[in-house]
Every structure is written in C-alpha cells, then in structure tokens.
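In what follows, chains are A, B, ... by sequence order, proteins preceding strands, each numbered from 1.
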Number of protein chains: 2
Amino acid sequence: MNITEVARRAGVSRSTVSYALSGNRPVSDTTRARIQSVIDELGYRPNASARALANGRTRSLGLVFPPASSHYTDMQLEFIGSVAEAAAAAEHDVLLSASGDGDRALSRLVEERRVDGVIMMEIRLHDERVDYLLDAGFPFVTIGRIADPERTRWVDLDHSALTAACVRQLAGLGHRTIAFVNRSERLVRAGYESAHRGLDGFECAAQEHGVVTRAYRCDDDAAAGEALIERILAEQPRTTAIVTVNEAALGGLYRGLAKAGLSVPRDFSITGIAASRWAEAVTPQLTAADVPAHRMGLLAVDLLLELIENPDSPPRHVLLDQPVSLRASAGAAPAR
Amino acid sequence: MNITEVARRAGVSRSTVSYALSGNRPVSDTTRARIQSVIDELGYRPNASARALANGRTRSLGLVFPPASSHYTDMQLEFIGSVAEAAAAAEHDVLLSASGDGDRALSRLVEERRVDGVIMMEIRLHDERVDYLLDAGFPFVTIGRIADPERTRWVDLDHSALTAACVRQLAGLGHRTIAFVNRSERLVRAGYESAHRGLDGFECAAQEHGVVTRAYRCDDDAAAGEALIERILAEQPRTTAIVTVNEAALGGLYRGLAKAGLSVPRDFSITGIAASRWAEAVTPQLTAADVPAHRMGLLAVDLLLELIENPDSPPRHVLLDQPVSLRASAGAAPAR
DNA sequence: TTGAAAGCGCTACCAC
DNA sequence: GTGGTAGCGCTTTCAA
C-alpha cells in the first residue's frame with residue numbers, strides 16, 4: 001500500500017499524489033478528489049521512514065531522562081506526559097531515551113538521526129551531555145539549566161527563589177533553626193542543578209534572616225526520610241522547621257516527626273518544593289511551591305520546535321517562578 | 001557522513017562497508033580493519049531512517065499510555081521506565097504515544113509504520129484498540145488483559161487474586177464489614193480491567209468469608225479519598241476495614257480516617273494494591289500487594305520482541321501473582 | 001496543472 | 001572475499 005499504488009489507481013503520477021498530500025503545489029480539485037477517494041478506499045498512509053529519509057526530518061523529538069536505577073519522581077512523570085501530549089499536538093512523536101551508561105543512548109539518537117531535536121531532563125550544573133549537543137550543533141532544550149545558562153535554551157523553575165521564599169516564610173513565623181533536606185548524596189555529587197540552586201537559595205535567605213541552618217542530603221525514599229529526622233533532631237535539637245526539595249522522602253519525614261512525638265505544625269514546621277500530588281497526600285498537607293511540571297513540558301516542546309524550524313534563532317529560555325501554596329504544614333515556631 | 005563516503009575513503013564498495021557493519025557476510029580482517037578505522041575517524045553512524053526503509057524494521061517499539069487528562073499513577077511511571085530500559089538493552093527505541101482522541105495516535109504508529117510493535121497500558125475489558133490491532137495483524141502486547149484473554153499476548157497482575165488475598169487476611173483478623181475503594185467512576189465505566197477484576201476478587205472472597213461489603217469508586221486524588229471516608233463511615237458505620245486499588249487516593253484515605261478520629265490499625269485497617277513507593281510513604285505503612293511494575297515492563301518487552309522476531313509464534317502471556325507485603329496498616333478488628 | 005526522474009542512505013541479491 | 005546495483009517509499013526539481 002504505497003504511493004505508487006495510489007498513483008496507479010488514481011491514474012496520476014506519484015508526484016501528483018505527493019503534492020496532493022503535502023499541498024506544496026497546486027492540484028486541481030478534480031484530481032485531488034480522485035486521489036483522495038483512492039486513499040480513503042485503500043486506507044493509505046505514507047510510510048514514516050521513507051518520508052523521514054526523503055526530507056531529512058523524522059518528526060520525532062527525543063526525551064532524555066535518567067536511567068531507571070535512580071528513583072523516578074512524580075514530576076518526571078508529569079513532564080513525560082506533557083511532552084508527549086504537546087508533541088502529539090504538533091504531529092510529532094516522542095522517542096524515550098533512558099540515558100545511562102556513558103550516554104550511548106543519547107549519541108544513538110543524535111548520530112543516527114533518529115530525532116530532530118532533544119529535550120533533556122535532570123540537568124547538572126556541568127553537564128557533559130549539554131557540551132556534547134552543543135559541539136554536535138544538534139537542536140536541544142533542557143528542563144533545568146547549566147551553570148552558564150546563556151549559551152543554551154531551557155525552561156527551569158527558579159529553585160533558589162523558591163527555597164528562599166520558604167525560608168522567608170518560616171523566619172516570619174519565628175523559626176530560628178531550620179534544616180534543609182536535599183536530594184540524595186549521589187545526585188548532589190553529580191551536580192544536579194535543582195539540588196544546588198535550591199540549597200543556594202536556602203542558605204542565602206537564611207543568612208539574610210539570621211537563621212541557623214544545617215543542610216542534609218537524603219535518599220529518594222521514605223525510609224531515608226524517616227531516618228534523617230532522627231539524625232537532624234540528634235545533631236541540632238533546636239531545629240523547629242525543615243525546607244525540603246525531596247518529594248520522595250516526604251512521607252518518611254512526616255513519619256519520622258510523628259515517631260519523635262512532634263506534631264506538625266504545632267511542634268515542627270515543614271515546607272518545600274514538590275509535586276502537588278505529594279504535597280496533598282501527606283497530612284497535614286504540605287505548604288510548598290508546586291512544581292508546574294505540565295507547563296514546563298509544554299514550554300520545552302514549544303522552544304524545541306521553534307529551534308528546529310529556525311536553527312539560527314537566538315537562545316531563548318523561560319525561568320518560572322511559582323507561588324508557595326499555603327497549606328497546613330507550616331505554623332508559628334514553638335516556644336522552647 | 002554516509003556509507004558512500006566511508007566506502008570511498010576505505011577504498012571499498014558500499015556493500016562491503018554494509019556487510020562489515022552487519023556481519024551478514026564474511027569480510028577479510030584487513031578490509032574490516034581499514035573500514036573500521038575510517039569509521040572511527042569520521043565518527044560514522046548509519047542513518048536510522050534509511051536503515052528502517054531498507055530493511056522494513058524501525059527498531060522501535062510503541063508504548064501507548066493514557067492521555068494526560070487522566071491522572072497518571074506511579075505504576076505507570078515505573079512501566080515507562082522499565083520498558084525504555086528493556087528496549088534499550090535490546091537496541092530498540094521506545095516511541096511514546098498518549099492515545100487519546102479516538103486513537104489517531106495509535107493508528108499513526110501502526111499505519112505509518114513508525115514502530116515494529118506496540119505495548120499497550122491501561123487495558124479495558126472490551127478494548128477497541130485491541131480489536132483494531134488484531135484486525136490490522138500488527139504485533140502487540142498488553143499490560144493487562146481483555147475479557148477474552150486467549151486471543152492476545154499480555155502480562156498482567158492477578159488483581160482478583162490480590163484483592164481476594166486482602167479480604168482473606170482482613171477476615172482472618174476478625175473484620176466483618178469491609179469497604180472496597182476502587183478507581184474513579186470514569187475508569188470503572190470505561191471498563192478498566194484492573195478495576196473490574198479487583199472488584200470481582202474482592203466480592204467473591206467476601207462472600208466466601210461471609211463478610212459484609214460495599215464498593216465505592218473514588219477519583220484518583222487525595223481530596224477524593226478524604227471525602228470518601230466520610231461517606232463510608234456515614235453509610236456503613238460498622239465498617240472496620242478498607243481494601244483499595246486506588247493508590248493515588250491513599251494519602252486522602254489516611255487523612256480522612258485521622259479526621260474521623262480513627263487510628264490505623266487500632267480502630268481501622270486498610271490494605272490493598274499499590275506501588276511500594278506509596279505504600280511506604282503513608283504512616284502507618286500500608287499492608288499491600290506491591291505492583292511489580294518494573295518486572296511487568298521487562299516482560300512486556302520480551303514478549304513483544306519475541307513476537308516481532310517470530311510473527312507466527314503462539315500467543316503467550318504471563319499472569320503474575322504477588323504476595324501481600326505485611327506492613328503496619330492492618331490489625332485485629334476492634335471490638336464494637 | 002501534471003509527469004518523469006533523480007535522489008535520500010542503506011541493504012541484500014546477483015555476479016565474479 | 002568483493003563489487004555492482006536494484007530496490008525500500010517518498011519528496012522535489014526540472015521540464016512540459
């Protein structure tokens with residue numbers, strides 16, 4: 001069921017069928033109608049590989065996300081969904097790539113020309129994948145930004161502004177000793193930008209408000225969160241509040257506090273950055289900046305398609321702020 | 001940077017380069033080495049579209065998941081990750097497709113031959129997508145199974161066995177009135193197989209144990225779960241336990257119980273089927289059958305690749321059982 | 001308004 | 001062990 005067959009049955013040439021389909025050349029109404037009826041009858045659809053080969057555009061976008069070994073988070077799921085959705089709306093497919101081992105996966109996408117451009121998640125401050133794509137001159141957009149963000153296109157959440165807002169709020173409530181619960185040791189070491197910028201914002205704001213701080217790293221699961229609370233209370237017993245960017249540990253943090261006999265928000269406050277699903281699942285609900293993952297995914301696709309259309313367009317980026325949703329987990333500092 | 005250029009520089013014909021790469025014909029060690037050195041020098045990689053066109057295999061798999069409008073769950077994320085991983089291990093790509101509007105997305109994958117086969121999630125008991133693929137004779141595997149499962153290939157969790165196990169356990173602990181918290185009205189109406197088979201298992205086991213039951217549907221979010229508890233306690237005050245398959249509502253169910261002044265598991269027990277991440281996030285941790293999403297994703301890829309290699313192989317499927325992990329949310333029925 | 005034909009980059013068959 | 005070449009199914013230039 002190919003274009004030759006359609007042309008034969010419609011009594012026209014292959015090129016005419018092609019033009020009737022693409023609209024790149026006028027075709028008389030009668031021939032177009034004849035062609036269309038053959039197409040409908042046969043259920044013809046142009047072959048994607050042939051098309052891609054002929055015009056050098058695959059009409060697919062690569063979505064590079066971290067390997068399964070690391071725990072996935074809810075935001076990641078939201079990104080994936082919204083990227084797929086936005087791409088579909090623009091008649092593009094999304095090719096998933098769990099970039100793991102030395103990024104053979106990424107180079108496969110790029111060098112075998114499987115996609116027209118790439119969206120990368122889980123960006124590091126110094127990210128060799130970004131350097132690679134820059135060198136290769138391959139179109140890409142990152143969700144998150146590298147240390148020197150002017151050279152690239154990205155959409156990012158302003159993590160430092162958000163953690164700073166959390167500190168400001170807690171300071172306003174009278175908290176003087178606040179702990180920061182970051183992502184895992186591994187991710188921080190790897191240089192995850194959200195972890196680093198989140199910490200920066202936290203520390204700057206704390207200094208500004210004269211707050212005593214201590215930063216901890218925490219594996220992305222409930223057990224780690226629970227254990228960490230014990231450690232925090234042992235190392236710095238005056239701690240009355242936490243700011244966290246680790247949504248996967250959230251349930252564990254709550255459990256740890258409960259176990260320590262601390263009631264939230266009466267005895268202890270907790271705020272942070274998280275997917276709203278998690279923020280709303282815990283009791284009391286978490287006062288937090290909700291990651292606008294859906295919006296970020298859509299934006300990333302927009303930026304990428306724009307770049308693919310026009311490879312020489314100047315770097316664009318979007319830095320999203322996000323209000324802290326006041327829920328129930330932050331209250332006045334307890335008198336001690 | 002194409003095969004012609006490589007051939008020219010190595011002083012051989014294009015076919016020789018092709019064979020050196022594929023190994024489909026012996027090539028002398030010296031020529032192979034010469035070719036390889038040119039390839040390394042140029043960083044040559046065969047173009048995926050051309051390859052797909054020439055040999056009729058795209059080396060990508062389609063992964064069809066529900067549209068973003070419905071809330072995603074953690075299991076879905078795990079599936080996606082493990083499918084991508086397993087596919088990558090077999091040198092295949094994964095093309096995401098959020099099948100929504102009348103499944104134009106699915107027919108695009110199939111009819112434009114964008115993929116060699118399809119994995120479908122979120123199966124309904126009567127699923128028109130399955131009929132479509134069956135008609136089209138297109139290779140596919142489902143995660144979940146239709147009402148008449150013998151005609152297709154699938155990997156599924158034995159939801160009815162698992163909910164039955166939950167009932168059995170609760171009955172053994174003395175509970176006589178148990179509520180079932182299903183997925184949303186919309187999903188149940190649509191005929192989601194896990195929702196229906198889960199309910200069936202629940203009801204059969206309840207009858208067997210002489211337990212009084214009532215089944216509820218619940219939107220996939222915490223707020224709905226919280227509201228539902230109120231309703232359950234109002235409509236059937238003797239209820240002392242819940243079996244749930246709605247992991248997204250879990251946090252809300254817990255909150256609703258707390259609000260009602262019910263302590264888990266002292267006053268009220270709760271068990272179900274959930275991703276372990278959620279089961280472990282709530283306090284007390286949920287006694288539940290953990291969805292082995294990772295394993296299911298790997299199996300689905302295996303089955304699909306097997307089918308693609310050998311289109312005439314007989315239907316295969318895998319029905320997974322899963323032990324109920326005893327955590328802390330189920331206890332003896334309270335004396336009433 | 002339409003047709004013929006030259007690619008796109010690769011594979012695999014047919015020769016030698 | 002190697003080369004020549006005819007496709008794979010489509011797009012687009014050139015010509016009419």
Side-chain angles (χ1 to χ4, degrees), chain A residues 1-39 42-60 91-93 108-116 308, chain B residues 1-39 42-60 91 93 108-116:
Chain A
M1 204 60 38
N2 57 25
I3 199 172
T4 309
E5 179 66 12
V6 173
R8 200 183 58 69
R9 298 218 192 186
V12 296
S13 72
R14 296 177 338 174
S15 48
T16 301
V17 175
S18 176
Y19 285 121
L21 245 31
S22 69
N24 287 343
R25 184 168 91 173
V27 172
S28 78
D29 286 354
T30 52
T31 25
R32 187 203 312 293
R34 193 142 35 87
I35 289 170
Q36 191 57 51
S37 82
V38 173
I39 285 177
L42 262 55
Y44 166 77
R45 291 264 212 137
N47 178 297
S49 304
R51 211 165 206 182
L53 178 58
N55 62 21
R57 289 266 259 116
T58 61
R59 301 205 146 261
S60 356
E91 305 270 80
H92 280 250
D93 287 314
R108 218 171 88 99
L109 288 190
V110 170
E111 290 162 26
E112 299 182 1
R113 300 259 107 118
R114 286 176 183 271
V115 295
D116 298 333
I308 290 171
Chain B
M1 203 60 38
N2 57 26
I3 199 171
T4 309
E5 179 67 11
V6 174
R8 201 183 59 70
R9 299 216 193 187
V12 296
S13 73
R14 294 173 343 166
S15 48
T16 301
V17 176
S18 176
Y19 286 120
L21 245 30
S22 69
N24 287 343
R25 184 168 92 173
V27 172
S28 78
D29 286 354
T30 52
T31 32
R32 185 201 314 292
R34 193 143 34 86
I35 290 170
Q36 190 58 52
S37 82
V38 173
I39 286 177
L42 263 54
Y44 165 77
R45 290 264 211 137
N47 177 297
S49 304
R51 214 167 204 180
L53 179 59
N55 62 23
R57 290 267 259 120
T58 62
R59 301 206 145 260
S60 12
E91 305 270 82
D93 287 314
R108 218 170 89 97
L109 287 190
V110 171
E111 289 162 27
E112 299 182 1
R113 301 256 104 112
R114 283 172 188 274
V115 296
D116 299 332

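Contact of the Arg45(A) side chain with the Met1(A) side chain is not registered, since no non-hydrogen atoms from C-beta on lie closer than 4.5 Å.
Proximity of Thr31(B) to the phosphate of dT2(D): a side-chain N or O atom is located under 4.0 Å from OP1 or OP2.
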Between side-chain atoms of residues 46-53 of chain A and protein atoms elsewhere (two or more places apart, or another chain), which donor-acceptor pairs fall under 3.5 Å?
from, atom 1, to, atom 2, distance (Å)
Asn47(A), OD1, Ser49(A), N, 2.7
Asn47(A), OD1, Ala50(A), N, 2.9

Open item on the list: For a quick check, with a 4.0 angstrom heavy-atom cut-off, what is the B/S/- contact string for nucleotides 10-15 of chain D, read 5' to 3'?
Closed with: BBBBB-
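Reading DNA chain C from its 5' end, the first and the last nucleotide to sit under 4.0 Å from a heavy atom of chain B are dG9(C) to dC14(C).
Closest heavy-atom contact between Arg113(B) and Thr58(B): O-CG2, 3.3 Å. Here the closest heavy-atom approach between residue Val27(A) and residue Arg32(A) is recorded as O-NH2, 3.1 Å. Listed here is the closest heavy atom pair of Val17(B) and Val6(B): CG1-CG1, 3.9 Å. The shortest non-hydrogen separation linking Thr4(B) to Arg14(B) is OG1-CD, 3.4 Å.
Annotation: the span from Ile39(A) atom CD1 to Ile3(A) atom CD1 amounts to 8.0 Å, rounded to 0.5 Å. In this structure, CG in Asp116(B) is found 8.0 Å from CZ in Arg59(B), a value given to the nearest 0.5 Å.
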